[in-house]
Amino acid sequence: KLQEIINFLAERNKKVQSVQVQFSLLAPNIEKQQKVKEICDLNKIDFLAYSPLSFGLLCKNPIINKVQKKSLLRNLIFNLYDQSTLKLRLALLEIANNRSVSQAQVAINWCCYQGAIPLIGLRNREQLIDISGVLKWNLSQREFQTLTNLSKEIALKLPSNPFVSN
């Protein structure tokens, strides 16, 4: 579909500048999104990754079960995915601890490793300061592969877009 749109616009002397897709360790159809990324690369189109932290789920400490005030949607998501994402979040935490960074930085770095431009919802100054640290380091190939493999083991992915209404 994307290639058809690119071709259609090219016939009219127009160009797609960017494509925005749900892209994270918990995103559905990640293989399809990686194919979209390849098309973007071939056509010099920016690939924007929204929800790279999976609504904050990838930032949830797997060891400390701290109850926080969250929206109804976030509480539902956190409860639904808590156990199925445990191994992945443990790996995120281990990498984060080894590198003295946050789990959020590790999850975002996973997107950046693939050339995606993550769109991150920051809610306060501390988050902004933390996330700016992503630009100071890169995942190793082994770390990237570990996270990718653990992601593939998770059967229940996030919905394609939980905010779509029919």
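Values below: every heavy atom of this structure, side chains too, minus hydrogens, waters and symmetry copies. Just so it is clear, the model here is predicted, and its values are computed rather than measured.
- One distance of note links CG of Asp46 with CD1 of Ile117; it measures 4.0 Å at 0.5 Å rounding.
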ask   = Where do Phe23 and Val36 land on the side-chain contact (heavy atoms from CB on, under 4.5 Å) test, with the steps shown first?
value = CA-CA 11 Å; Phe23 193 76; Val36 170; over 6 Å; no
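- Put simply, the side chain of Gln105 never gets that close to the backbone of Ala96: no donor and acceptor are under 3.5 Å apart.
- Not a single side-chain hydrogen bond (donor to acceptor under 3.5 Å, both in side chains) links Gln127 to another residue, sequence neighbours left out.
- Residues Leu58 and Leu93 fall into different hydrophobic clusters, defined by Ile, Leu, Val, Met, Phe, Trp and Tyr side chains chained together at heavy-atom separations under 4.5 Å.
- Considering only residues two or more places apart in sequence or on other chains, Lys157 meets the salt bridge (charged side-chain N to carboxylate O under 4.0 Å, His left out) condition with none of them.
- Residues passing the ring-ring contact (aromatic ring centres under 6.0 Å, His included) test with Phe8: none are found, sequence neighbours excluded.
- Under the salt bridge (charged side-chain N to carboxylate O under 4.0 Å, His left out) criterion, Lys87 pairs with Glu153, not counting sequence neighbours.
- Minimum interatomic distance between Gln22 and Ala27 (heavy atoms only, all atoms of both residues): O-CB, 3.7 Å.
- With sequence neighbours excluded, the residues satisfying salt bridge (charged side-chain N to carboxylate O under 4.0 Å, His left out) with Asp82 are Lys60, Arg89.
- Side-chain contact check for Leu25 versus Leu92: some heavy-atom pair is nearer than 4.5 Å.
- Asn61 and Gln103 form no side-chain donor-acceptor contact under 3.5 Å, judged by distance and modelled atom types alone.
- There is no side-chain donor-acceptor pair under 3.5 Å between Trp110 and Ser24.
- No side-chain donor-acceptor contact under 3.5 Å links Ser151 to the backbone of Leu147.
- More than 12 heavy atoms of other residues, nucleotides or ligands sit less than 6.0 Å from atom CZ of Arg12.
- Chaining together hydrophobic side chains whose heavy atoms lie under 4.5 Å apart places Ile120 alongside Leu53, Ile108, Leu122, Leu128, Ile131, Val134.
- Gln3 and Asn7 share a side-chain donor-acceptor pair at under 3.5 Å.
- In this structure Asn79 satisfies the side-chain hydrogen bond (donor to acceptor under 3.5 Å, both in side chains) test with no other residue, sequence neighbours excluded.
- Applying the side-chain hydrogen bond (donor to acceptor under 3.5 Å, both in side chains) rule to Gln34 yields the partners Gln114; only residues at least two apart in sequence or on another chain are considered.
- For Tyr81, there are no ring-ring contact (aromatic ring centres under 6.0 Å, His included) partners at least two apart in sequence or on another chain.
- Counting side-chain heavy-atom gaps under 4.5 Å among Ile, Leu, Val, Met, Phe, Trp and Tyr, Leu42 is found in no cluster with other residues.
- Taking Glu94 as the reference, nothing meets the side-chain hydrogen bond (donor to acceptor under 3.5 Å, both in side chains) condition, with sequence neighbours excluded.
- Ile30 and Leu156 fall within a single hydrophobic cluster, where Ile, Leu, Val, Met, Phe, Trp and Tyr are joined by side-chain heavy atoms under 4.5 Å apart, directly or via other members.
- We find the CD1-OG distance between Ile95 and Ser102 to be 12.0 Å, quoted to the nearest 0.5 Å.
- Crowding of Lys15 atom NZ: a count of heavy atoms from other residues, nucleotides or ligands under 6.0 Å exceeding 12.
- In terms of the salt bridge (charged side-chain N to carboxylate O under 4.0 Å, His left out) criterion, Glu31 has no residue partners (sequence neighbours excluded).
- The hydrophobic clustering, which links ILVMFWY residues whose side-chain heavy atoms are closer than 4.5 Å, places Val106 and Leu86 apart.
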ask   = When you look at Ile6 and Ile45, which way does the side-chain contact (heavy atoms from CB on, under 4.5 Å) test go after all the steps?
value = CA-CA 10 Å; Ile6 292 167; Ile45 297 170; 3.5 Å; yes
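- Not one N or O on the side chain of Asp130 forms a donor-acceptor pair closer than 3.5 Å with the backbone of Glu126.
- In this structure, the separation between NZ on Lys14 and CD1 on Ile5 is 16.0 Å, given to the nearest 0.5 Å.
- Here the shortest heavy-atom pairing between Cys40 and Phe47 reads SG-CD1, 4.0 Å.
- Side-chain atoms of Ser140 come within 3.5 Å of backbone N or O of Glu143 as a donor-acceptor pair.
- Linking Ile, Leu, Val, Met, Phe, Trp and Tyr residues whenever their side-chain heavy atoms come within less than 4.5 Å leaves Leu90 and Leu150 in two separate clusters.
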query = Yes or no on side-chain contact (heavy atoms from CB on, under 4.5 Å) for Trp137 and Leu135, after CA distance, side-chain angles and deciding distance?
reply = CA-CA 6 Å; Trp137 66 279; Leu135 304 173; over 6 Å; no
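- Atom CG of Leu9 sits about 12.0 Å away from atom CD of Glu4, to the nearest 0.5 Å.
- Linking ILVMFWY residues whenever their side-chain heavy atoms come closer than 4.5 Å, directly or via other members, places Tyr113 and Leu88 in the same cluster.
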